[in-house]
Amino acid sequence: MQQQDGPDVTLEAVRLSLGQALAEGGSRLLLRLTDEELAVLTSAAEGDRSIAASPHLEGMSAQEREWVLATALRSLVSRDLIEIANTAELDTALKGLNESAQVEIDMRLSPDLDTALTLRKTAERILTLEQTTSAGTSYVYFYVHGSHLLLVEEVTGGGMHTFTLVVSVPEAAEMARRLVDPNGVADVDGPTMELDPRALEAEFVGQPLKNVIENALVVGQLILVARVPGPLLMTYATAEELWMVNVDAPRAPTGVTARSVGQQALVDRIAEMLEFSA
């Protein structure tokens, strides 16, 4: 399938317009999509190489995937998120999305959907977040387009994607803080421990951190995806405290530290990652 583009609008113009709108009205929810709806849309969009997880689709066979993609296309049309100008091709696609049928669909996107997909694939840098608990793993992606424009994609374990436009880095950092510290246990800033990057196994990191890792109820992993590899942050929240392990750069011989933190120190570190520049 191929998406036909509308009038040319520069990315900078889109960012400027959205930034101004957010400054006036504040952050806002854009839309929600399923794994399969996104798969239909990204397969139709040239150059889309999303890093976002698709937990619902990952366990499906090729035949199951073919069926749900056909249903997803119908769902997008029924929800007025896309408009198909050539309905004959739509009928062909719905009867069987397969590799042998090279169907070219004239697909027009709703404004909110177009905004989400454009910001999703053109971010200057992306902060990825995985939150793991006994209930499973969920994912969040912060697509950074400047200090006053971020797109946040939250992905549940069931494959539901929620897109929100966020007006500032501090607000995005607070969103991330609530995800890695949902019970609000981050309390006290402790002393910084220097760790040896060559010996990060549990038996070598020291008893306080070892105890926290072994008793963590919520584990967070934040990785900055950028032109130059950025920092990584691991968080471990127990019933009583939260520790963070910070890695300044991949494969660096130094720059790995651990400490217990309060909420503000945690927010500040996440904000630094969102504002990171090589």
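Residue numbers run from 1 in the order of the sequence given.
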Exercise for the section: List the atom of D189, the atom of G262, and the distance in Å for their closest heavy-atom pair. Expected result: OD1-N, 2.6 Å

Practice task
State plainly whether the residues E124 and R15 are in salt-bridge range, i.e. N to O under 4.0 Å.
Solution key: yes

Problem - Backbone of G190 reached by a side-chain donor or acceptor of S260 within 3.5 Å - result: yes

Handout entry: Under 3.5 Å donor-acceptor, T235 side chain and G220 backbone
Key = yes

Completion exercise
Students should find that the hydrophobic cluster of V188, defined by side-chain heavy atoms under 4.5 Å apart, otherwise consists of none

Practice task
Just jot down the side chain to side chain contact (heavy atoms under 4.5 Å, CB included) partners of A116, sequence neighbours excluded, or say none.
Solution key: L30, L31, F163

Problem - R28/D112 salt bridge by N-O under 4.0 Å criterion - result: yes

Handout entry: Heavy atoms of other groups near E64 CD, more than 12 under 6.0 Å
Key = yes

Problem - Side-chain donor/acceptor of N246 to backbone N/O of L233, under 3.5 Å - result: no

Completion exercise
From the list L33, L69, T34, side-chain contact (heavy atoms from CB on, under 4.5 Å) with V40 holds only for L69

Fill in the blank from the handout: Besides L57, the hydrophobic cluster formed by Ile, Leu, Val, Met, Phe, Trp and Tyr side chains linked at under 4.5 Å, directly or via other members, contains M60, V68

Practice task
State plainly whether one hydrophobic cluster holds both L217 and Y236, where clusters connect Ile, Leu, Val, Met, Phe, Trp and Tyr through side-chain heavy atoms under 4.5 angstrom apart.
Solution key: no

Problem - S168 backbone acceptor or donor facing E171 side chain under 3.5 Å - result: no

Problem - Polar side-chain atom of S54 near backbone of E58 as donor-acceptor pair, under 3.5 Å - result: no

